[in-house]
Amino acid sequence: MSDWYQRTTDDALQTLGVDASRGLDDSGAARRLAESGPNVLIDSGMKSPWRILWEQFSATMVLILIIAALVSGLLGRVNETVSILAIVVLFGLLGFAQEYRAEKALAALKKMAAPQVRVRRGGGVRQLPARDLVPGDIVLLEAGNIVPADGRIIESAALAIQESMLTGESEPAAKITAPLSGDDLPLGDRHNMAYMGTLVTGGRGALVVTATGMRAELGRIAAALQSVHETQTPLQVRLDQLGQWLAVAGLAAAALVMGLGLLRGDGLRETFLLGVSVAVAVVPEGLPAVVTFTLALGARRLLKRQALIRKLPAVETLGAVTVICSDKTGTLTENRMTVVMLDAAGHRLDMQELDPRHALAGAARDGVTSPVNPAFMLLVGGGALCNDASLRHEPGGTETHVLGDPTEAAMVVAAARLGLLKDELDRRLERVAELPFDSERKRMTTVHRAGIVPGLDLPAAPYVAFTKGAVDGILGATAQVWMEGHVEPLTAAWRTRIESSNDDLAARGMRVLGVAFRPLAAIPDGSALEQDLIFVGLIALIDPPRAEAQAAVQTSRDAGIRPIMITGDHPLTARAIAGQLGITADGAVVSGQALNAMSDAELSAALGEVSVFARVSPAHKLRIVEALQARGHIVAMTGDGVNDAPALRRADIGVAMGITGTDVSKQASDMVLLDDNFATIVAAVAEGRTIYNNVRRFVKFSVGGNIGKIAVMVLAPLLGMPLPLLPLQLLWLNLLTDGLLGLGLGVEPSEVGVMRRPPRPPGESILGDGTGAHMAWLGAFIALLAGGAGWLYWMAGQPGWQTMVFSTLAFAQVAQALAVRSARASLLRVGLLTNKPLALLAALVGLLQLAVLFIPPLQVFFHVMPLGVLDIAISMGLGSLVLWASELEKAVLRLRCR
Ligand code: ATP
């Protein structure tokens, strides 16, 4: 059998049993899907539950506990062994439950982030998840797509595909439809094939799928991809280190205490038990699970706010963002374009003052032949021909929809209002070649076979090309101007007139596109198309700023985050919109051209002052990110096009557009805005700050509490007291605190004013901003309270002294959980019930502890002595001192702040 690339397109389509214009029908596709299986390489679903379970029980911390259980067993304390193991299992299950939920949340996110493809099926075009593709499907490709399966190219309009991941060749390959000869051509030479995972960098086209899933070329190297594993976030890495560091410190302390005990002549059993206890006290069991859980749950909360997290580390980086670089169109504005002004042959036509007969539906239905100046007709006609949007009328209804890019859609509507219907234009002036739009050239050209359209007068020639795009660029390729039926040279006076008209419209915040045409005897190829143009006129569109954008700009400023606008539009348009939104006060704008002339140092200096960049191309975005990072900023950068990928990858938070973004930009991003909205970035930053604060709060709480417990364990023998707490009791305390109270802390709502503070310094450690110091003193204080109570009772010869230590520690940690909720604001201000889960958990923990103290079987199990009500009241009172002490700390901090 010959290879796909050796066949003609017809032969390939026939072999695959599909009609290119209709695509497969649903039942056929379903049958094929059952045969070929889903189009996936590696299951990007969730970790298997077994693996999660295994990870719970293979962590270093758990191993320490298991060794502790074994040592207890060897010492003959079988009860202890069983209980430690029981608690290890309980903790394992708790960790499992948290991690399983986190994994599920992440798997759902991953599913949402999976690419969609446009496919011809059952005679129409449909959007499908890439995993549903089958051999024989007709897939439509355009710049920015990731090729979803292997296939034979059957349509190509300047289709270019970058295949470096398979071929190593970084220059995009031009794709053709003709068959190729030769056996075993290398992949890079198969110019009529496209392969899964490669990137469409330009043009448009279609392919018929020949291989999916593991049968695709990429499948052969998929083994290499399989080894790509989930990376931990920097925070997780640092916390793991902290955990290990604590474990080492704890073991050292245990060794020290044991050594001292042995020197003093204590029994071997006692000494070992002490060692086991200290080791148990030091293990922050809940830490890894709670962090994963908080981050993953945070990602889910972000999703509710329309921000889809693609990479977990983004959740924590978000909170540290200092600059948001945003596109204008669609992000800060609504991307609802309307043509408001036409300017041609020295005249203007205000579309808003047009006769109501020119309303879209009426004009489209009645075919209004209008009395307007023929120059305007050529202007909108050219704008509608050099255009990929289309008008759809509901059969029988009066509704008319426009499909396609908003700028182009608006032009199709404008033409229809003047009586030129795009369908009709396309039929009479058939498109035979094109140079698609790209954001570097900022224009697009189509070539049409000449034809006759009522109302449109064109010079006679076999072909006519229309170009539309940025006015500056088009004027550069123009030598003549069209004047109501004849051509005049583009004199300096004309040029000045056009430029000042352009500036005038742009300064009102409008997007202005120029339209030009060129009669042709034959079709030249490539860039030779866009020269010797005849200028027709200007089309000005408005795109209102998003209603919520202005408030979001203000919020980000209050939060110490600088918004920067980076747009492909004209500097004056950019300045007008940026001014309306409050992004710039002085109206300073740097253009792409000026940027080209700047050295890195000059750019860095400019970035100190200027917040608007216009007429930039994607390469400039990369330079801007790098310059900002060199100034020490943490940068969020938006992008939607293929060429934005490098800047998105480079930015600390690459933000892609969910609606208008290309697959390539989404793949390069850390976060996708499902609503393309600037305000969503700001909301995500607020959420990111909250999540980071919650993790930090948990660390403060958990590690602070453990410091308290270790200190009690180490100090007691130094004071000559016997073992104050049994391993089992310590585990119980950890379960109550890390396990239950920790969960409540993970869902702490945003602190008031999170967005009224500057971002945290980029390099700040998790223990920074006073966290470490707070943790240390509070830990010491807890040790003092619990140890002190125990010591007094011990000195008084009370048999329940150990139980006093146990009980005081439990209540102290409940108080600590409440205290740690805010770093500065008093709990009274914050309100006890603003975190209801925590309030409930605190009550529950209190009750559980009382149950252990009062219910006889539990007393036996936990080796506690019955205490009197007064003793328990004392231990509660002592525990609550933690709350009062930290309220005092907060008051001092508030005073100092003032
Ligand atoms: P922003 O960066 O603010 O989102 P943008 O991404 O919309 O702006 P581009 O789409 O790159 O910017 O557009 C830049 C310029 O290219 C526009 O000012 C316009 O002159 C021109 N342009 C935009 N769309 C088209 C199009 N469909 N055909 C021809 N020219 C276009």
Side-chain angles (χ1 to χ4, degrees), residues 4-5 9 12-13 16 18-24 29 39 114-121 124-167 169 171-178 180 187-188 190-213 216-218 388-390 403-405 408 431 433-439 444 446 640-645 656 659-668:
W4 292 110
Y5 68 87
T9 52
L13 288 163
L16 288 160
V18 59
D19 169 357
S21 63
R22 292 190 49 79
L24 299 172
N39 177 36
Q116 298 270 320
V117 289
R118 286 194 309 138
V119 178
R120 227 174 260 155
R121 278 217 185 151
V125 173
R126 252 183 260 165
Q127 189 109 333
L128 292 183
R131 61 178 290 132
D132 291 349
L133 284 183
V134 294
D137 260 326
I138 308 291
V139 176
L140 305 182
L141 298 173
E142 61 183 9
N145 286 160
I146 294 170
V147 178
D150 289 2
R152 172 76 166 83
I153 303 290
I154 56 168
E155 290 164 28
S156 168
L159 184 67
I161 299 187
Q162 206 259 36
E163 302 178 321
S164 63
M165 67 180 310
L166 288 176
T167 62
E169 171 59 54
E171 275 300 302
K175 292 293 172 180
I176 57 169
T177 56
L180 299 168
L187 292 187
R190 300 184 186 181
H191 297 305
N192 57 14
M193 297 288 294
Y195 295 100
M196 181 195 277
T198 56
L199 315 178
V200 182
T201 54
R204 288 188 298 131
L207 60 77
V208 55
V209 174
T210 54
T212 59
E217 290 296 331
L218 192 61
D388 293 319
S390 58
L403 298 176
D405 168 64
E408 302 204 331
R431 190 192 288 191
E434 64 191 274
L435 263 184
F437 172 74
D438 77 49
S439 46
M444 151 176 186
T446 54
D640 47 13
V642 204
N643 304 332
D644 287 335
I659 304 171
T660 56
T662 54
D663 297 345
V664 176
S665 62
K666 287 181 193 167
Q667 205 188 37

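In what follows, every heavy atom counts, from backbone to side chain, and hydrogens, waters and symmetry copies are set aside.
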TODO: Ignoring hydrogens and angles, tell me if any N or O in the side chain of R152 forms a donor-acceptor pair with the backbone of T177 under 3.5 Å.
DONE: yes
Task: Check: D150 side chain, T210 main-chain N or O, donor-acceptor pair, under 3.5 Å - done: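 Looks like no, no N/O pair under 3.5 Å.
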What distance separates [X] [atom1] from [Y] [atom2], expressed to the nearest 0.5 Å?
X    : Y    : atom1 : atom2 : answer
L128 : R121 : CG    : CZ    : 5.0 Å
D644 : T662 : CG    : OG1   : 7.5 Å
D388 : E142 : CG    : CD    : 9.0 Å
L133 : T212 : CG    : OG1   : 8.0 Å
L159 : L141 : CG    : CG    : 6.0 Å

For the student: nearest non-hydrogen atoms of [X] and [Y], plus distance:
X    : Y    : result
V664 : N145 : CG2-O, 3.9 Å
A216 : M196 : CB-CE, 3.8 Å
I161 : A194 : CD1-CB, 3.7 Å
R120 : S21  : CD-O, 3.4 Å

Under 4.5 Å between any side-chain heavy atoms of [X] and [Y], yes or no?
X    : Y    : value
E163 : L187 : no
Y195 : R190 : yes
V119 : L24  : no

Open item on the list: Between D137 and R126, is the salt bridge (charged side-chain N to carboxylate O under 4.0 Å, His left out) condition met? List the steps.
Closed with: CA-CA 11 Å; D137 260 326; R126 252 183 260 165; over 6 Å; no
